[in-house]
2 protein chains.
Amino acid sequence: MPEPQDLDPRKAAILEAVVNEYIGTAQPVGSQHVARSAGINVSSATVRAEMVALEREGYLVQPHTSAGRIPTDKGYRYFVDQLGEPGVLGPAQRQKVSRFFEQVHGEMEEMLERTSGLLCDLTSYASVVLPPGHESAPVRSVQVVGLGPRLALLVVVLADGAVEKRSIELDEEVPEAALTQVTVRLQAAAQSRPLGGVLDAGPSGDPVVDRVVDLAAAAMADLVSADHDRVFVGGSSRLAAAFDAVDTVRSVLGILEQQLVVVSLLRDVLERGLSVAIGAEHGYEPLASCAVVVAPVPVDGHEVGAVGLLGPTRMNYPQALAAAKVVGERLGQRLGSGEQAGQQLGPGEQATAAGGARGRRRRHAGR
Amino acid sequence: MPEPQDLDPRKAAILEAVVNEYIGTAQPVGSQHVARSAGINVSSATVRAEMVALEREGYLVQPHTSAGRIPTDKGYRYFVDQLGEPGVLGPAQRQKVSRFFEQVHGEMEEMLERTSGLLCDLTSYASVVLPPGHESAPVRSVQVVGLGPRLALLVVVLADGAVEKRSIELDEEVPEAALTQVTVRLQAAAQSRPLGGVLDAGPSGDPVVDRVVDLAAAAMADLVSADHDRVFVGGSSRLAAAFDAVDTVRSVLGILEQQLVVVSLLRDVLERGLSVAIGAEHGYEPLASCAVVVAPVPVDGHEVGAVGLLGPTRMNYPQALAAAKVVGERLGQRLGSGEQAGQQLGPGEQATAAGGARGRRRRHAGR
DNA sequence: GCTGGCACTCGATTCTACCGAGTGCCAAGC
DNA sequence: GCTTGGCACTCGGTAGAATCGAGTGCCAGC
């Protein structure tokens, strides 16, 4: 595969001008526009000649003869690779981010949801927030609560403030006392260990208790893999504006509704070390007219979550990259500080029952 | 305000024919089409005369001269009021519903989300599921878990299987033992009482414990009002197909993202005893081109939740009403049986840790 | 190698003519 | 007196022709 860096500086400048113009106007860009752009000091005829070359090499296409050019996916890719630095947000945007992370508070789910709203607000694209998995978060508490004659609920509290639950259906009626015993045994076996690393509790002598402990342990193992498909999607209404074809909107929205697809898409892109997937670069055919920008949410060093933006391929990449990067980092810091101290409240927050009605009612991000 | 029943049978039949036709085709309906409809045994000229009257009375409008008629909101309203019975679902639909409620299982949140998916599937409109509030569900367990030096987490398990949590920021460092004591005291005060009716725990002698108990009690009171703005929205992609104006789609999607608005809209419609709100009947200007169908989710007699459908005013009301009614009822039964016995697993479900990976991966409904 | 000039292309826009679904009205008929 | 068939009229939608203009490719000259 040919190196993308094989463009001479003038071609690169022309390509950049086309991309920038097209991102703004969504109209094919003609040679005159390019010639008038800053940084281009040649005539339109020369630009035309270069454009022919760029088209031959696959960076541009003409929608039809006698129209301007628009970038191909390859063109966008080159453009994105060129801008080494992710760019910075404008001052207004920066302030929005700072203000957001100063004042945000409440339970983690709500914070993630509102983070998704922030991203939409910053970029006007649809946003996705993948919460960090908590395989590695130490267990703070395990509890088995009876709900009915043959039904119990396993409730696990993790050090990062997450609470997970799972129903357990029992083969037989189990007295409350036995469940208490189960809780005690599990608590001992799981306390301070990561969720994935809960050790066997060992036999207790009471077969009923052992049986329930086994069921609960299975449920806990299940929880570890379960939290992968949680995801917060926001701003899907922005997509309606981004695409003009109604059925494109419909199909993209439909995909955003399949959370599992979204999750694996983002993880996949992230795993390949990319921060942008343009057009068909991710495998999903139905999203071929979309670009995805991803940034990790690094919590205490290792990356555990992700934020993403979904928009048309003619996306404002510098802005989107900057927004995703900054928000991902800040979110990671926030979650990281929580991991250590369980801190999830804003600094200015009153020392009181957290997340009063005032804050909670301010949800903006859609799911 | 004139009674809507002031239409003679023939006018009513004509109006009905227009509505039915228009729902199907989205095209203005001419007098000839109506005259050919079943149940209309007069000539097109007569139909025309009647249509003039119907237009004068506000049930129909002409988009322009020499076009057919389309129903006004008032016309739809009459139509909806006429069909006394909500109608029944087709056999295929019925089967889908039955199959769904036979096989659905897992935690409540997931079930509600998938119910929302079911509604979309049945009607091809966007759907909303308002979970029942659990003010009245008895508390099964209360726990305060320390997360950091000055942060604790209140975890409440309710008899219906719901788990609620709230962070508590502490004024000072509280030893683990004190938190345990707090848990014990709260447990005693709250056990088996509804969440809203937790009594005062009374002084314990230890001021630190009392302080934390107070904070926790405040947090619990807060939880009661908190669960109002949870809502599951599904099938927003369907809206893109329902409206042809792109900005209508955009604004409606934007509204669906504001969960609080959706919740209060549905509650409002339900409180007014309506099952359908057409056009401007609900107060929300931006949804003037939409109709909302609502059905209660009655759990053990009193209505506590709701399911809703959001579509264009030219909605298939009989189908939507039937679907909402049936799904609302079935969901209520399901949740009701859970209230008593905590039963949330399908009858055919294996007695094992519930909601294995297989089931969990099958999410369809978008948020 | 760059530039201005020039002929050419082709989508978009405008204009016109026309079709036809649908209406309103009216006189004749049951 | 309601109903009906007939008829003139309206007007949005479609098709075709003419026009416009942004943009291209090519080429000769600087």
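None of these values were measured; they are calculated from a predicted model. Computed from heavy atoms alone, side chains included, the values below leave out hydrogens, waters and symmetry copies. Labels below follow one simple rule: chain letters A, B, ... track the order of the sequence lines, proteins then strands, and each chain is numbered from 1.
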What integer distance in Å separates [X]:[atom1] from [N]:[atom2]?
X: M51(A); N: dA22(D); atom1: CE; atom2: P; answer: 16 Å
X: E21(A); N: dA22(D); atom1: CD; atom2: P; answer: 14 Å
X: E50(B); N: dT3(D); atom1: CD; atom2: P; answer: 7 Å
X: N41(B); N: dT4(D); atom1: CG; atom2: P; answer: 9 Å
X: I14(A); N: dT24(D); atom1: CD1; atom2: P; answer: 11 Å
X: Q32(A); N: dC6(C); atom1: CD; atom2: C1'; answer: 14 Å
X: L60(B); N: dG22(C); atom1: CG; atom2: P; answer: 14 Å
X: Q27(A); N: dG21(D); atom1: CD; atom2: C1'; answer: 14 Å

Has [X] got a side-chain N or O lying under 4.0 Å from the OP1 or OP2 atom of [N]?
X: T65(B); N: dC11(D); result: yes
X: S66(A); N: dG11(C); result: no
X: S31(A); N: dT24(D); result: yes
X: R10(A); N: dC2(C); result: yes
X: S43(A); N: dT3(C); result: yes
X: R69(A); N: dG25(D); result: yes

Practice problem: Considering non-hydrogen atoms only, spot the tightest contact between A323(B) and L119(B) and give its length. | Solution: O-CD2, 4.0 Å
Exercise. Using a heavy-atom cut-off of under 4.0 Å over every strand shown, decide if Q62(B) touches base, sugar-phosphate, or nothing.
Key: sugar-phosphate
Candidates [options] - which lies nearest the side chain of [X]:
X: T46(B); options: dC10(C), dT3(D), dT23(C); value: dT3(D)
X: H33(A); options: dG23(D), dG25(D), dT9(C); value: dG23(D)
X: A45(B); options: dT4(D), dT24(D), dG5(C); value: dT4(D)

Self-check item: Expected output: side-chain S127(A) to main-chain S116(A) donor-acceptor under 3.5 Å
Solution: yes
Practice problem: Report the relative orientation of the aromatic rings in Y76(B) and Y22(B); use parallel for angles under 30°, tilted for 30 to 60°, perpendicular for over 60°. | Solution: tilted
Practice problem: Quickly, which of E16(B), E50(B), E55(B) forms a salt bridge (charged side-chain N to carboxylate O under 4.0 Å, His left out) with K11(B)? Name it, please. | Solution: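 Single salt bridge (charged side-chain N to carboxylate O under 4.0 Å, His left out) partner of K11(B) among E16(B), E50(B), E55(B): E50(B).
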Exercise. In plain terms, say whether R77(B) and D81(B) are close enough for a salt bridge, that is, a side-chain N and a carboxylate O under 4.0 Å apart.
Key: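 Answer for the salt bridge query: yes.
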Quiz item: With distance as the sole criterion, do the side chain of R48(B) and the base of dG6(D) form a donor-acceptor contact below 3.5 Å?
Solution: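 Such a pair is found, so the answer is yes.
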